[in-house]
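Presented below is the structure to which this report refers.
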Amino acid sequence: MKAIVDCNSFYCSCERVFRPDIKEKPVVVLSNNDGCIISRSDEAKKFGVGMAGPYFQAKSLIEKHNIEVFSSNYNLYGDMSRRVMSTLKEYLGEENVEVYSVDEAFVDLSGFDPKDLRKIAKEMKERVEQWTGVAVSVGVAPTKTLAKLANYIAKKHKSRTEGVAVLEAEEKLARALKGIGVKELWGVGGRSAKKLEAWNIKTAWDLRNMPEEWARKHLGGVVGVRLIKELNGEEAIVMGDSNTPESKRMIATTRMFGSTVKELSAIKEAVATYAARTGEKLRRQHSAATTIQVFVVSNEKVESTYFKHGRTYAAHQVLASPTSFTNELIAAAMPLAESLYQEGMGYKKAGVILSGIVPDTSIQANLFEPQKGIGRFLMEQIDNINFSMRGDVVKFAASGTTRNWKMRQEFHSPRYTTRWNELCEVK
DNA sequence: TCTGGGGTCCTAGGACCC
DNA sequence: TCTGGGGTCCTAGGACCC
């Protein structure tokens with residue numbers, strides 16, 4: 001049996017841990033640049049605040065109900081996430097916990113007696129809540145997909161389930177599957193849901209009873225087959241799949257600007273800053289990149305299904321040799337940024353994407369290439385300083401110092417757990 | 001006026017090889 | 001007049017996730 005432990009309104013919960021005064025108040029957390037609402041407390045949901053909606057549209061509702069607003073504080077959420085995960089690992093053994101995202105973990109419960117599952121799940125939940133202050137919901141079932149479904153039920157009917165749902169018995173499972181729309185399933189997005197409805201497949205139960213061959217043909221090939229298997233209680237997405245923190249195959253840093261940017265100099269500063277960040281990510285996993293891509297998004301209006309967004313201009317370059325050095329990445333990125341820039345155009349966003357990720361061989365090569373060796377030493381020192389200071393203390397001049405393009409963060413809370421001078425004060 | 005950021009897996013189709 | 005078949009590798013794009 002598998003369990004998924006999912007933090008309730010994670011970002012909101014993190015904000016509340018250090019603000020007991022808003023424990024009962026409605027809270028929302030905004031995306032970068034204060035653009036969208038990405039986390040809502042139950043109270044805020046009740047007032048009708050939608051998920052992923054733009055902040056400016058919900059603003060009047062937020063003000064009317066006196067809802068507490070926060071810009072996202074990733075230093076805080078990352079640190080709280082680590083605490084939640086280590087609590088789980090300590091309780092069930094590191095090897096049985098698979099961190100799936102910042103606020104979710106799969107737990108392998110195959111060693112336990114089925115009749116103890118509910119008790120274990122409840123203990124897990126209570127322990128995390130007591131040790132970290134973050135409330136979680138737990139779903140238990142034979143496969144990951146079904147565990148996610150159980151979790152959905154646990155969350156949806158919090159008072160009845162007490163935040164824990166175990167789908168073990170067949171009749172319970174059948175009832176759950178019949179009561180849930182395909183759209184709510186893990187792995188079914190908007191597009192597939194629409195397709196399924198057209199085939200008159202409405203509930204998870206309907207989908208479960210479709211033949212695998214049908215899914216192979218009409219539901220994304222092996223992806224669809226896996227989904228059907230999982231719904232039938234056959235493990236097709238195995239534990240530990242995302243456990244081995246293998247190197248990423250793509251590394252990107254992209255940001256909206258705080259306001260429209262018109263000058264090439266500002267674009268170049270932003271791109272240099274993002275290139276430096278990708279370099280850091282690259283070095284952290286001891287990789288080097290073969291290809292660098294730079295893109296900018298203008299403020300031209302382009303029609304799309306959801307909302308009007310700008311036009312994307314992209315250019316890429318294959319690097320002379322794979323590198324992880326910030327100076328080389330910036331050197332490659334600058335001409336790309338210049339080539340994309342058009343005089344008189346306004347820009348909303350830019351980004352740097354690295355691909356062709358390979359192991360960093362210059363670690364060995366530096367024995368024979370003293371220049372590279374110095375570069376590596378320099379990178380290590382910069383990373384050490386920036387990491388220990390939790391910020392960009394040392395940066396390349398190309399990144400600029402004024403940074404007028406930086407994103408908006410009007411409602412940022414203190415970094416309670418990662419900065420000495422922002423500790424919570426008790427008077 | 002204003003709509004995030006970072007990633008994965010899979011498939012189809014083109015280029016190329018023998 | 002007429003031009004195979006099978007394989008690999010790579011890339012772009014779709015769909016999805018949190």
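Just so we're on the same page: letters track the sequence lines, and every chain starts at 1.
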Is the phosphate of [N], meaning OP1 or OP2, less than 4.0 Å from a side-chain N or O of [X]?
X: Arg249(A); N: dC9(B); answer: yes
X: Lys348(A); N: dT3(B); answer: yes
X: Thr253(A); N: dG5(B); answer: no
X: Arg277(A); N: dG6(B); answer: no
X: Arg226(A); N: dC10(B); answer: yes

Identify whether the distance between the nearest side-chain nitrogen and carboxylate oxygen of [X] and [Y] falls below 4.0 Å.
X: Lys89(A); Y: Glu98(A); result: no
X: Arg16(A); Y: Glu43(A); result: yes
X: Lys46(A); Y: Asp42(A); result: no
X: Glu104(A); Y: Lys148(A); result: yes

Applying a 4.0 Å non-hydrogen cut-off, can you work out what [X] is touching in the nucleic acid: base, sugar-phosphate, or nothing?
X: Leu227(A); result: nothing
X: Val222(A); result: sugar-phosphate
X: Asn32(A); result: sugar-phosphate
X: Asp103(A); result: sugar-phosphate
X: Lys349(A); result: sugar-phosphate
X: Lys194(A); result: nothing
X: Leu30(A); result: nothing
X: Glu104(A); result: sugar-phosphate

Selected nucleotide, minimal atom distance to [X] side chain, candidates [options]:
X: Cys36(A); options: dC2(B), dC16(C), dG4(B); value: dG4(B)
X: Ser192(A); options: dG5(B), dT8(B), dC16(C); value: dC16(C)
X: Ser31(A); options: dG6(B), dG4(B), dA15(C); value: dG4(B)
X: Val223(A); options: dG6(B), dC16(C), dC10(B); value: dC10(B)

What is the distance, to the nearest angstrom, from the [atom1] atom on [X] to the [atom2] atom on [N]?
X: Ile353(A); N: dT8(B); atom1: CD1; atom2: C1'; value: 14 Å
X: Gln293(A); N: dG6(B); atom1: CD; atom2: P; value: 14 Å
X: Leu219(A); N: dT11(B); atom1: CG; atom2: P; value: 12 Å
X: Ile357(A); N: dG6(B); atom1: CD1; atom2: P; value: 14 Å
X: Glu300(A); N: dT1(B); atom1: CD; atom2: P; value: 19 Å
X: Asp6(A); N: dC18(C); atom1: CG; atom2: P; value: 8 Å
X: Asn33(A); N: dG6(B); atom1: CG; atom2: C1'; value: 16 Å
X: Asp34(A); N: dG5(B); atom1: CG; atom2: P; value: 11 Å

Assign the ring pair Tyr55(A) / Phe411(A) to parallel, tilted or perpendicular, where the plane angle (0 to 90°) is split at 30° and 60°.
perpendicular
Tell me whether the rings of His218(A) and Trp214(A) are parallel (<30°), tilted (30 to 60°) or perpendicular (>60°).
tilted
Ala252(A) or Arg408(A), whichever maps to the more 5' nucleotide of DNA chain B
Arg408(A)
Would you kindly compare Gly220(A) and Gly53(A) by the position of their nearest DNA chain B nucleotide and give the one closer to the 5′ end?
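Mapping each residue to its closest nucleotide by heavy atoms, the 5'-most match is Gly53(A).
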Using Watson-Crick or G-U wobble geometry with both distances below 3.5 Å, tell me the partner of dC18(B), or none.
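WC or wobble partner is dG5(C).
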Measuring centre to centre across the rings, with the benzene-like ring taken for any Trp, is Tyr91(A) within less than 6.0 Å of Trp131(A)?
no
dC17(C) and dG4(B): how far apart are their C1' atoms, nearest whole angstrom?
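Pairwise C1' distance, dC17(C) against dG4(B), rounds to 14 Å.
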